[in-house]
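Just so you know, these numbers come straight off a predicted model, no measurement behind them. Values reported hereafter were calculated over all heavy atoms of this structure, with side chains retained and with hydrogens, waters and symmetry mates removed.
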2 protein chains.
Amino acid sequence: MYKRLRKYIKKMKTSKKTSIKDIANVLGVSPSTVSRALNNNSRISYKTRVAVQQMAEKLGYQPNQLANALRSGKSYLVGVIIPRNNSAFFSSVVENIEKVLNKEGYNIIIALSYESYEKECNNIDSLLFTQVDGIIASIANETIELDYYRKIKEKGIPLILFDRGGDDLEVDYVGIDDYNSSHIIIDHLVERGCKKIAHISGFSHKRIYKHRMMGYRDALKKNNLKLNERLIIESNLRIEDGRRVMKQFLELSERPDAVYAAGDFAALGALQVLLENGVKVPQEIALVGFSNESFTSYVSPPISTINQHSEQIGKKAAELFLERIKNPSQEEGVSKVIIDAQLIVRGSSDKI
Amino acid sequence: MYKRLRKYIKKMKTSKKTSIKDIANVLGVSPSTVSRALNNNSRISYKTRVAVQQMAEKLGYQPNQLANALRSGKSYLVGVIIPRNNSAFFSSVVENIEKVLNKEGYNIIIALSYESYEKECNNIDSLLFTQVDGIIASIANETIELDYYRKIKEKGIPLILFDRGGDDLEVDYVGIDDYNSSHIIIDHLVERGCKKIAHISGFSHKRIYKHRMMGYRDALKKNNLKLNERLIIESNLRIEDGRRVMKQFLELSERPDAVYAAGDFAALGALQVLLENGVKVPQEIALVGFSNESFTSYVSPPISTINQHSEQIGKKAAELFLERIKNPSQEEGVSKVIIDAQLIVRGSSDKI
DNA sequence: TTTAAAAATGCAAACGTTTGCGCTAGTTGT
DNA sequence: ACAACTAGCGCAAACGTTTGCATTTTTAAA
């Protein structure tokens, strides 16, 4: 027994990976016994189990997930695709997805799309190649065709979308009520006396931005405010887009007295332009963003925004995945979970 | 031929995964032929290759990376461990690591430590379990014992550290010159007339913060400024830490006329307290942060900071990994790449 | 002591892919 | 016609782990 051990410790110096076979050889048992002992199988005696587990520890045995996944058909990996990284919303969603899934023995693979359709397609291929057990995703801004997402579905792999989903896809979805969020924002701005409310919209081929705009339009109507098409401009909602659009609004003969931007980065750009032009915020022009990015509370004045409950979204997305795993039936209807958002009023739109 | 195809198309409806065996069966060739045809092996005739590749396309064949990695001993995955997610610095490093490695056929697995030692250990275990070909990491603030990183090394898996490294580990490293960066900051503050410069330090058990503090101390001496220990406070460098420490500095009988914070989040917290207390920045107290987080340019006044060249760090870290793969010899010396940082002067410390 | 039952293993094959070496059919040269 | 060579495959085993079923060993009862 000790001769065998010494022989194998020596072997360990040159070849770094310990496998079940190595343990089996040292102890003079079969690999299946080692596997069963490591997995506390009742068919293995206590004595053998202890010997195997101690030897595994001594030889630095590390289970090989590749082999396990190949054999079992399950990798216990979940791919999480997000469109951008430097965003408090997506960071928080990822964190909460991870917490829920880690508890159930899953690990996540984070894939970043950088708002690019091509990168997104590469990510999906990589994740499928890696045999993930499921994919949780939010769609990149550049993405119009959803063929790649359909591909996931066709392979029978659970797909859950959050925030940015797609009407054409019959898959599970978690998001907030974009339409109603706009109502809340417009009501708030109307309540503080605003009458000419402009909207920096995202691309309306993206469902969430379309709903935010529909909400904006209907809320204006509800409050008997005239709809001025020149006060609606679509953009990619980056800081530079917010700056450009805000400049356009300032050049109008009829200036707005409030601006609702469908994303916080665009709101930040708009704020920068307002301050640079000596416009008093919120006295002359009030400002509301969307998504509660961290910086909205750092800047001056702090920006009012919509809290999208990223924690809840992350948790719910992970739970939907786990339910899909437990009920693999393809015929079950899809879930759409819509969470009410919340307006956070700060200096940029506060009533004085 | 068509009977075989129809039989298999039918089979595809129920079992979602197409393997090389399925293609082999339809075409009446062996699995090894299919594999070779898919990999453009010269041992396979053009006719067979085309037939195989077309059938693979028709049957929706997706290579199984698990099997490939198991067979070859290489997963072409690289684990990237970062301590926090909502940071422009780490986001940018990750993005640049990914770009370089994707070009070489590698995919990355991002693991977040949330500044926790325990989470970091779990991440390392998960990555080893997943048979990554290498790990690129920045150490969590809570981590003192480096045993888990040693474990990576002992398994012969390439390990590259960036930014936050460890003196005890003989591994490749990329970072900036923290000592010299402090000199640059102090010189700048001295040039604008500051005489009582306080330092919000990170934990000095972390090498980078220790070097930043040493640089601070030596730069004061170099400029014949008196060192006041009450103007140095260690902290975790979060926003709330910056607030707390700044409040302490404001309560001193001898107030500082400048504050150098070893991280931008702490600088932001300090700025908030200064503004809340009606202190004019930079006229009464100048402020400099570290890391060039996005928000440093959004807030008012914009915060002077150190640009850590995250792009270069990411690229270099990935390149060091690739070199390790090309030269697997264990005896080669480790690389330490130190990049000069750059001071970005903004409103918080600008000369008027 | 013998027999039967229970406990504790071991064998073989599965998972998907790749690759060294062997085999076969066809072609070319003598 | 025969021998040698080459192109184009196929066989079998590797990679690490798990699991159904068979086999062996141990224990208890007659």
Using a strict threshold of under 4.0 Å (side-chain N to carboxylate O), is an ion pair present between A:Glu115 and A:Arg164?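 So A:Arg164 pairs with A:Glu115 through a salt bridge.
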[X] side chain N/O closer than 4.0 Å to the phosphate oxygens (OP1, OP2) of [N]?
X       : N      : result
A:Asn68 : D:dT18 : yes
A:Asn39 : D:dT18 : yes
B:Asn64 : C:dC15 : no
B:Ser19 : C:dC15 : no

From [atom1] of [X] over to [atom2] of [N], roughly how many Å is that when rounded to an integer?
X        : N      : atom1 : atom2 : result
A:Leu38  : D:dT18 : CG    : P     : 7 Å
A:Ile23  : D:dG16 : CD1   : P     : 12 Å
B:Gln131 : D:dC15 : CD    : P     : 14 Å
B:Asp22  : C:dC15 : CG    : C1'   : 13 Å
A:Asn41  : C:dA7  : CG    : P     : 14 Å
B:Leu66  : D:dT18 : CG    : P     : 14 Å

Nearest to the side chain of A:Leu70, which nucleotide is it out of C:dG10, C:dT17, C:dC15?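 Of all the options, the side chain of A:Leu70 is nearest to C:dC15.
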Nucleotide of D:dG8, C:dT9, D:dT18 approaching A:Thr33 most closely (side-chain heavy atoms):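 Closest nucleotide to the A:Thr33 side chain: C:dT9.
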Which is it for B:Lys21 and B:Val34 under the side-chain contact (heavy atoms from CB on, under 4.5 Å) test, yes or no, and what are the steps along the way? CA-CA 8 Å; B:Lys21 258 190 235 162; B:Val34 174; over 6 Å; no
Any residue meeting side-chain hydrogen bond (donor to acceptor under 3.5 Å, both in side chains) with [X], in chain and number order, not counting sequence neighbours:
X        : value
A:Thr130 : none
B:Asp125 : B:Lys151
A:Ser35  : none
B:Ser91  : none

Please enumerate all residues that pass salt bridge (Lys or Arg N to Asp or Glu O under 4.0 Å) together with [X], with sequence neighbours excluded.
X        : result
A:Lys74  : none
B:Lys119 : A:Glu98
A:Glu319 : A:Lys316
A:Lys336 : none

Show the distances under 3.5 angstrom between N or O atoms of the protein and N or O atoms of nucleotides 11-14 of chain C.
| residue | atom | partner | partner atom | Å |
| --- | --- | --- | --- | --- |
| C:dC11 | N4 | A:Ser32 | OG | 3.0 |
| C:dA14 | N3 | A:Arg71 | NE | 2.7 |

For a quick test of your reading: what N or O donor-acceptor pairs under 3.5 Å do the side chains of residues 46-57 of chain B make, sequence neighbours left out?
| residue | atom | partner | partner atom | Å |
| --- | --- | --- | --- | --- |
| B:Thr48 | OG1 | B:Ser45 | OG | 3.0 |
| B:Gln53 | NE2 | B:Ala37 | O | 2.9 |
| B:Gln53 | NE2 | B:Asn40 | OD1 | 3.0 |

Terminal helix-axis angle for the helix from C:dT1-D:dA30 to C:dT30-D:dA1, with five pairs defining each axis and rounding to 10 degrees: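 Here the local axes at opposite ends form an angle of 60°.
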Using a distance-only test with no angle check, is there a side-chain donor-acceptor pair under 3.5 angstrom linking A:Tyr76 and A:Gln65?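 On atom types as modelled, these side chains do not qualify, holding no pair under 3.5 Å.
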Would you tabulate the nitrogen or oxygen pairs shorter than 3.5 Å linking the protein to nucleotides 22-26 of chain D?
none

Determine the contact category for B:Ser72: base if any of its heavy atoms lies under 4.0 Å from a base atom, sugar-phosphate if only primed atoms, P, OP1 or OP2 are that close, otherwise nothing.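 It contacts nothing in the nucleic acid.
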Checking all strands, does B:Tyr46 fall into the base, sugar-phosphate, or nothing category for heavy-atom contacts under 4.0 angstrom?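 Nothing: the residue B:Tyr46, judged by heavy atoms under 4.0 Å, touches no strand.
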